[in-house]
Amino acid sequence: MNIKTISTQPFADQKPGTSGLRKRVPTFQQPNYLENFVQSIFDSLEGYQGTTLVLGGDGRYYNRQAIQIILKMAAANRFGQVLVGKGGILSTPAASCVIRKNGAFGGIILSASHNPGGPNADFGIKYNISNGGPAPEKVTDAIYTRTKEITAYKIIEADDINLDKLGSSQLGTMTVQVIDSVADYAELMESLFDFGSIRELLTSGKFRMCMDSLHAVTGGYAHEIFEQRLGAPVGTVQNGVPLEDFGGGHPDPNLVYAHDLVEVMYGETAPDFGAASDGDGDRNMILGRKFFVTPSDSLAIMAANAKLVPGYSQGLTGIARSMPTSQAPDRVAEKLGIECYETPTGWKFFGNLLDANKATLCGEESFGTGSNHVREKDGLWAVLFWLNILAVRGQSVEAIVKEHWQTYGRNYYSRHDYEEVDADKANELITKLRGDLSQLPGRKFGQYTVDYADDFSYADPVDGSISQKQGIRIGFTDGSRIVFRLSGTGTQGATLRIYLESYEPDASKHDLDPQVALGELITISEEIAQIRHFTGREQPTVIT
Ligand code: VG1
Ligand code: CO
């Protein structure tokens, strides 16, 4: 085997963000850029020689080239075997599933998730550990440290592997197995949900669903699961052919970017149920007929109904939600007599809780829900969970959500994003806010009085690791909150996220537009943070 050691120099900008390293494609195409990061991953691991690595991505532009490079580097670094998804495709949850099923050492997932793809759009890479989940901060910190010191990487000289043919071949002493991208994942789904009842629902003629894969990775998975295994009519899956540029769209399942689905679900002949997933298949949006379910409510409702779903019929050990996610799940946890953990943004913080069996369901306001079945959030899993609930309860999505609010009260919720703002200005805003925090408690803004104001810090209850500066929280005496944080997944400038939440116990007031219900808090957020002044923007780029 012809191993070459190539000299290189560090790049200063390879710090992983909320979910891996994300940059524009031309950045990744610079000589040695991808190679440096991959070698830095390998260099910060111990004892992987001879073991199995899982490799796949969401199919975006540059996926195939990157896979060939990583395969040759894995061989040069003496991995024993790489399991790679056919065509280089593995959704993020499927990669997690394959890592766990095969007892792999870890996995490399190529994705920039919901960010657009194409020659001038985004690419990304992240490392997952043997539990199938995103590397925790101590690992990503070690990788980053290594990227600043790296002087050489190893790669073998060999022909490209045919990624489109299932089966095994050799790269030097390493075996490459091209595996079916869908099979293991679909089998796991069948083990968790009542496919019989869901099939009955979908073939009854009385219930219609629409699944929008946004031309991203779940196309193949959704066709197989909904149309093949569950018998839904052909055409149930729309935008189901994965494209390298996602058809030019943002593969982000929200009311703004999943416009085709929104048109269908708010049309006169709308189906009963609609769903969408993101670039790499870990996010989901759930819609009823002319009805949107906020991701925070979705987590709460799944938790409240978990016993109806075979894989969760034994009940939940706990729930975990990211800090900016609404407190709707907390109310369910309280009623169930279980813990609700509050973690920083990013799925990597759920791994320990899931491994230690402290939480069964996890979720984030950013259209992410998942469970202990893998160690990533999982878009199609969430869709199946809802279908299972619908099949058992026989009610509409809207009726189920409204009944939930009647029982628990409604947590009005919205997120305002200011995208691609000047990074220095965004940091100034946060620094200024930080400085003001100590003066906020006790202050009155209209009908609201500040109860606490802090910069969220998290002590992991399993390994005791501390993560600081995870977002600024301003809590009011009635339980309402405003949270400010900067995104860790953008590739251009900074994205300021403002999360707004209020609680309404009175069922007669549950039908307001969230922007109206949260109107006063929106005004207060401007007063406290001077958003217009710092961003130079009159309004948010995206409201979800
Ligand atoms: C965003 C979301 C966060 C999510 C992360 C990765 O991060 O807010 O909840 O875990 O994306 O999701 P940030 O730092 O931009 O707010 V994905 O589907 O992009 O991997
Ligand atoms: Co994603």
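Ligands are counted one by one from 1 in listed order, and the atoms in each one are counted from 1 as well. For the numbers below, each heavy atom of this structure counts, side chains included, while hydrogens, waters and symmetry mates do not.
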Taking the side chain as every heavy atom from C-beta outward, state whether Tyr341 and Lys358 have any atom pair closer than 4.5 Å. yes
Among Arg283, Met323, Glu419, Glu376, which residue places a heavy atom closest to atom 1 (C) of ligand 1? Arg283
Is the ring pair Tyr312/Phe193 parallel, tilted or perpendicular, if the boundaries are 30 and 60 degrees? tilted
Looking only at heavy atoms, is any part of Ser19 under 4.0 Å from ligand 1, and if so is it the side chain, the backbone, or both, or is it neither? side chain
Which protein heavy atom lies closest to atom 12 (O) of ligand 1, and at what distance to 0.1 Å? Lys377 NZ, 2.7 Å
Taking the side chain from Ser457 and the backbone from Gln468, do they hold a donor-acceptor pair closer than 3.5 Å? no
Answer with yes or no whether Arg415 contacts ligand 1, where contact means a heavy atom under 4.0 Å from a ligand atom. yes
Looking at ligand 1, does any of its N/O atoms fall within less than 3.5 Å of an N/O of Leu486? no
So for Lys126 against ligand 1, with non-hydrogen atoms under 4.0 Å, the contacting part is neither
Counting backbone and side-chain atoms alike, is an N, O or S atom of Ser111 positioned under 2.8 Å from the Co ion (ligand 2)? no
Evaluate the ring planes of Phe292 and Phe367, with Trp represented by its six-membered ring, and classify them as parallel (under 30°), tilted (30 to 60°) or perpendicular (over 60°). tilted
Name the orientation class of the two ring planes belonging to Tyr33 and Phe28 (parallel below 30°, tilted from 30 to 60°, perpendicular beyond 60°). perpendicular
